2 protein chains.
Amino acid sequence: MNLKLTKKRQIILNTLKSHDGTLSANDIHKLLPEIDIVTIYRNLDLFTKEKIIKQINLGTNEAQYEYQQQPHHHALCSSCEKVIHFTAPDEKIRELLGLKDFQVDEIEVTVKGICSKSH
Amino acid sequence: MNLKLTKKRQIILNTLKSHDGTLSANDIHKLLPEIDIVTIYRNLDLFTKEKIIKQINLGTNEAQYEYQQQPHHHALCSSCEKVIHFTAPDEKIRELLGLKDFQVDEIEVTVKGICSKSH
DNA sequence: CGCAATATGCAAATCAGTTGCATATTTATT
DNA sequence: AATAAATATGCAACTGATTTGCATATTGCG
Ligand SMILES: [Mn+2]
Ligand SMILES: [Mn+2]
Ligand SMILES: [Zn+2]
Ligand SMILES: [Zn+2]
């Protein structure tokens, strides 16, 4: 692939970089109404394939995207729908999983529960 | 809620019970073409709310469902798309996550990588 | 600049899942 | 067992997220 550094491509990526937390395609389009939603989808797909950003699927209706400084995990509050980002020692988790005969590329832990504000 | 034990409801649940692995709404409809897809969706939602089955979202286009004997986790092979089911010591994982100020109801670990047959 | 490759916008399509409503089945009541 | 109320089902139509086709615009290279 011979990718081009277009203006809109950079704007979309910068929006993700500077935003703390996750954004859906629609969230980005609301922030950047001058960019067509289709262009946003195409670039999110592209960035995801290039592993520049991460697509997060928490079982909600829209996929979420984030620029990931360092790999981390997510907890979803069933009460207020807030997403909490947290890190965990991957090596130790990997040991606990004990997956033989499987080349582990990525571990993603999704926690469901209730956040401090909701209980 | 006052649920009724209808024939089709039982057939859908038995299909999930006797199937080893996960099934999507569409998978079930192919196995049970005599049952309307809407009825399948409505019953899958119902079973999920009643915690009789579990909805699994692996980032694929369709949600997957399974009748869960005991809680466990999933690994998805990026090469052959196979889903591997595995258990892990939840208590120990929970400790590693160290989520303070969050009431953890459920931990779901999703692993991506390559299965033994694909490498 | 001039050209080929790639990206964008718009409209239309697709696809999973949902909703409204008339009819059918189940379950409680007589 | 008949009746009635409650719940479930099927069909058609809808929704909302994401994708695709295609004409036009932008980018990067010589
Ligand atoms: Mn995050
Ligand atoms: Mn499973
Ligand atoms: Zn909360
Ligand atoms: Zn595989």
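Not measured: the values here are computed from a predicted model. In what follows, chains carry the letters A, B, and so on, assigned in the order in which the sequence lines appear, proteins first and then strands, with residues in each chain numbered from 1.
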Between A:H72 and A:E108, do the side chains contain a donor N or O and an acceptor N or O under 3.5 Å apart?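 Per modelled atom types, A:E108 and A:H72 side chains form no pair under 3.5 Å.
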
Classify the side-chain pair B:N26/B:E62 by whether it contains a donor and acceptor separated by less than 3.5 Å.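 Checked: B:N26/B:E62 side chains pair up, N/O donor to acceptor below 3.5 Å.
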
Heavy atoms only, 4.0 Å cut-off, all strands: where does A:R9 land among base, sugar-phosphate and nothing?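 Sugar-phosphate, backbone atoms only, no base.
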
Counting the atoms with a prime plus P, OP1 and OP2 as sugar-phosphate, which does A:L5 contact under 4.0 Å by heavy atoms, base, sugar-phosphate, or nothing?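 It contacts sugar-phosphate atoms only.
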
On the nucleotide C:dT8, are OP1 or OP2 found under 4.0 Å from the side-chain N or O atoms that A:T6 carries?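 For C:dT8, OP1/OP2 do have a side-chain N/O of A:T6 under 4.0 Å.
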
With a cut-off of less than 4.0 Å, is there a side-chain N or O of A:Y41 near OP1 or OP2 of D:dT18?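 For A:Y41, the contact criterion (side-chain N or O under 4.0 Å from OP1 or OP2 of D:dT18) is met.
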
Without decimals, in angstroms, what is the distance between [X] [atom1] and [N] [atom2]?
X     : N      : atom1 : atom2 : result
B:N61 : C:dC15 : CG    : P     : 10 Å
B:E50 : D:dT7  : CD    : C1'   : 14 Å
B:K7  : D:dT7  : NZ    : C1'   : 17 Å
A:N43 : C:dA7  : CG    : C1'   : 8 Å
A:I11 : C:dA7  : CD1   : P     : 16 Å
A:K30 : D:dG16 : NZ    : P     : 12 Å
B:L46 : D:dT9  : CG    : P     : 9 Å
A:I37 : D:dT20 : CD1   : C1'   : 15 Å

Position toward the 5' end of DNA chain D (nearest nucleotide), B:E34 or A:Q55: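 Upstream on the strand: B:E34.
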
Starting at the 5' end of DNA chain D, which residue's closest nucleotide do you reach first, B:I12 or B:V38?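 Of the two residues, B:I12 wins.
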
Spacing of CD belonging to B:E66 relative to CD1 belonging to B:I56, to within rounding of 0.5 Å: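 Going from the CD atom of B:E66 to the CD1 atom of B:I56 covers 3.5 Å.
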
Roughly how far apart are A:D27 CG and A:Y65 OH, rounded to 0.5 Å?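 Spacing of CG (A:D27) from OH (A:Y65) equals 11.5 Å.
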
Output the single nucleotide from C:dT18, C:dT6, D:dA6 whose closest atom is nearest the side chain of A:N2.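 Between C:dT18, C:dT6, D:dA6, the one nearest the side chain of A:N2 would be C:dT6.
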
Measuring from the side chain of A:N26 (C-beta onward, heavy atoms only), which nucleotide among D:dA17, D:dT18, C:dA16 has the closest atom?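 Of the candidates, D:dA17 comes closest.
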
Tell whether B:R42 reaches the base of C:dG17 with its side chain through a donor-acceptor pair below 3.5 angstrom.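 By the distance-only test, no, there is no pair.
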
For the side chain of A:K8 and the base of C:dA7, is some donor closer than 3.5 Å to an acceptor across the two?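 Such a pair does not exist between side chain and base.
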
With DNA chain C as reference, determine whether A:K4 or B:E62 sits nearer its 5' end, using the nearest nucleotide of each.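 Comparing both residues, the 5'-ward one is A:K4.
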
What is the ring orientation for B:F86 with B:H73, classed by angle as parallel under 30°, tilted 30 to 60°, or perpendicular over 60°?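 Aromatic pair B:F86/B:H73 classed tilted.
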
